[in-house]
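Right, one structure below, let's go through it.
The figures that follow rest on heavy atoms only: side chains count, while hydrogens, waters and symmetry mates do not. Naming: A, B, ... by sequence-line order, numbering from 1 per chain.
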There are 2 protein chains.
Amino acid sequence: MAKPPHPDPRRTLTLRDVSEASGVSEMTVSRVLRNRGDVSETTRERVLEAARRLGYVPNKIAGALASQRVNLVGVIIPSLSNMVFPEVMTGISDVLEDTGLQPVVGVTNYLPEREETVIYEMLSWRPSGLILAGLEHSEASQAMLAQAGVPVVEIMDIDGTPVDSAVGISHRRAGRKMAEAIMAAGYRRIAFLGTQMPNDHRAKKRLAGFEEVLAREGLQLADREFYSGGSALLKGREMTAAVLKRTPDVDFLYYSNDMIGAGGLLYCLDQGIDVPGRVGLAGFNGVELLDGLPRRLATMDACRLDIGRLSAEIVSGKRPNGIIGGEIIELSPTLQPGDTIRSA
Amino acid sequence: MAKPPHPDPRRTLTLRDVSEASGVSEMTVSRVLRNRGDVSETTRERVLEAARRLGYVPNKIAGALASQRVNLVGVIIPSLSNMVFPEVMTGISDVLEDTGLQPVVGVTNYLPEREETVIYEMLSWRPSGLILAGLEHSEASQAMLAQAGVPVVEIMDIDGTPVDSAVGISHRRAGRKMAEAIMAAGYRRIAFLGTQMPNDHRAKKRLAGFEEVLAREGLQLADREFYSGGSALLKGREMTAAVLKRTPDVDFLYYSNDMIGAGGLLYCLDQGIDVPGRVGLAGFNGVELLDGLPRRLATMDACRLDIGRLSAEIVSGKRPNGIIGGEIIELSPTLQPGDTIRSA
DNA sequence: CTGAAAGCGCTAACAG
DNA sequence: CTGTTAGCGCTTTCAG
């Protein structure tokens, strides 16, 4: 059997193929395909026609190597199933859309070692910038970020020292603010219900800020309950039941996120517990989901869309003031009292 | 002012830098860093030490160009905020984890033109494979996929003709199955509530299968209501209210997804409507969220985790039987009757 | 407006 | 076990 005439029928098309098919030099083909430099209308047409006919897809690997330019922005987040990160992504995409930059997401599952790997992998593709959640990273991660040579934006949190730029809210302050609102409403026997948070630094900071305010009034948490994994709504119910049983005299339940808060709310309503009279409830995040609940859970908006937008502006060098890097932007979360804190 | 002595202090390290710092040839450095070929323990140590000390991160662009190998798998999905795709992603990641392949996600927002762009961008990075949702694509997209020269797996749906491989469920059959269960339970005045679905082909197929069964019994939908955008839970409430008002004698509400179904369920409970006596309810997807609701909504599990896993197996050439491509795997969604269909 | 030459940083394929 | 030689497919730069 003779071998097929062509070396590898599965090989993808190259600029050369388009060049031969159109009778135009590779260089000019490249120019046409990138809309760079002046090319006569006739040759442009011929090239485009040939490229289209062949179904040519440029090889960005080769292009990036030659031009030392990569139109990718790495986005590193802890989780996709969190409701909060998709919204951040939306903000990022919105802004990057008309910059020629493309977001590439990596997920760490809240694991520092995993984060290290993801950062390493991302950087090995030499992206134009990096956006990543949080200010806490392993030493090795910090070193890589500092060396990256591209804009790095740490998002969500500003309580700490960023490598380069940061966009986020102060979770400590957010915790304080919520505590103050709760105290002002007259609640005194307050329990905290949240994730087991070895690596959820932001939740930890909120709790710290929260307890700070309590301490100032000579109070401390009446109870606390932690969970990990599983359906957040369901967990919220279970934890609420547990706390209410263990510490029957609590008058407020502060949840580390809206999903478990929603579960708690549904549980209380099921049980006929008077909310916010007998117990008040509050969560954190301002997730859209809450809009459909029988009662609006008190929460705090984490400015996710703006965080996404601003971080993308920084990475793409589109800040209005023309600042280059090292920016720290603090956003102010708004308290949404909803219907689960009684009015003072 | 004299220019700085080094060409560009911001340039990233190369193999050559490590080579010089360790006194080992570039080639051997490359071998060490990739764990390829035999290298003496001494030189290995020396290289690793130098690389670590310098903070060298290999340039995958150059590596990929030279080796004609890219350890990336493109995953193209309509949306991230859908609850369903994160789970698919989990399945994919699980399997890819120990293959050296990395998923890269692209989002289309249910827009065919957007999908075309994303496919084009993805392919321009010459990934090792592509996983994408759905069987319906623009002609140009189909052409690119067919030309890609790498495994392409279309997921979620199998009612149609895939370019290469497919893993999913038959949504038409799923719609039929649900209709049969509802009919068997004795409901007859059935309404459909769903997304405005110009591009949600799978929802459309479910509805088609559903209506097929109704028609077989000489019935047709008593009412239908569509929405787009907004908080699904809230929309579910509003739509339910609208249908119940417009067509007071309906006895069943079939929702195109669990989120709006959950909203409908909460509304009915709020209104004191007897579920499933006065009206029955059902959704689609089997989202984890449902576990925390006051009553379990009837739904159908879409096998998302398995879809993710299997598609990743195909792309990475890990199918147990050693099949190469062109596989069509149909999974069977299970009906979860929950508490919102009365027993027959 | 168009082309030719010279790499980008790495790895395959051989020689030692 | 280690080094040398060619490129990978594109873009930059500099001549026409």
- State which residues pass side-chain contact (heavy atoms from CB on, under 4.5 Å) with A:L305; sequence neighbours excluded, sorted by chain then number. A:E87, A:T90, A:R309

- Given atom CE of A:M27 and atom C1' of C:dA6, what is their separation to the nearest angstrom? 13 Å

- Note on the structure: Rounding to 0.5 Å, atoms OG (A:S138) and CZ (A:R114) come to a distance of 13.5 Å

- Query: Got a second to check how far A:I328's CD1 is from A:T161's OG1, nearest 0.5 Å?
  - Reply: 7.5 Å

- For a side chain to side chain contact (heavy atoms under 4.5 Å, CB included) with B:P103, tell me which candidate from B:L72, B:L96, B:V315 qualifies. B:L96

- Task: Extract, from 5' to 3' on DNA chain D, the first and final nucleotides lying under 4.0 angstrom from some heavy atom of chain B.
- Result: D:dC1 to D:dG9

- Atom pair distance, as rounded to whole Å: CZ in B:R31 and P in C:dA13: 12 Å

Show me the protein contacts with nucleotides 7-10 of chain C, counting only N or O atoms at under 3.5 Å.
residue, atom, partner, partner atom, Å
C:dC8, O3', A:Q68, NE2, 3.1
C:dC8, O2, A:L65, O, 3.3
C:dC8, O2, A:A66, N, 3.1
C:dG9, OP1, A:Q68, NE2, 3.3
C:dG9, N2, B:A62, O, 3.2
C:dC10, OP1, B:Y56, OH, 2.4
C:dC10, OP1, B:N59, N, 3.4
C:dC10, OP2, B:L15, N, 2.5

- When you look at A:L48 and A:L33, which way does the side chain to side chain contact (heavy atoms under 4.5 Å, CB included) test go after all the steps? CA-CA 7 Å; A:L48 255 21; A:L33 265 22; 3.9 Å; yes

- Message: What verdict does the salt bridge (Lys or Arg N to Asp or Glu O under 4.0 Å) test give for A:R319 and A:E313, after you've listed the backbone C-alpha separation in whole Å, the side-chain angles of each residue and the deciding distance to 0.1 Å?
- Response: CA-CA 5 Å; A:R319 276 339 306 292; A:E313 283 184 10; 3.2 Å; yes

- Task: With sequence neighbours excluded, tell me which residues meet side-chain contact (heavy atoms from CB on, under 4.5 Å) with A:E97.
- Result: none

- Task: Could you tell me, to 10°, how much the axis swings from one end of the helix from C:dC1-D:dG16 to C:dG16-D:dC1 to the other, five pairs per end?
- Result: 30°

- Message: Nearest 0.5 angstrom please: B:E116 CD to B:E139 CD, how far?
- Response: 10.0 Å

- side chain to side chain donor-acceptor pair (under 3.5 Å) partner of B:R44, the single match among B:T28, B:N35, B:D38: B:N35

Which donor-acceptor pairs under 3.5 Å do the side chains of residues 124-133 of chain A make with protein atoms, sequence neighbours left out?
residue, atom, partner, partner atom, Å
A:S124, OG, A:E121, O, 2.6
A:R126, NE, B:T12, OG1, 3.1
A:R126, NH1, A:L123, O, 2.9
A:R126, NH1, B:V57, O, 3.3
A:R126, NH1, B:P58, O, 3.4
A:R126, NH2, B:V57, O, 2.7
A:S128, OG, A:V70, O, 2.3

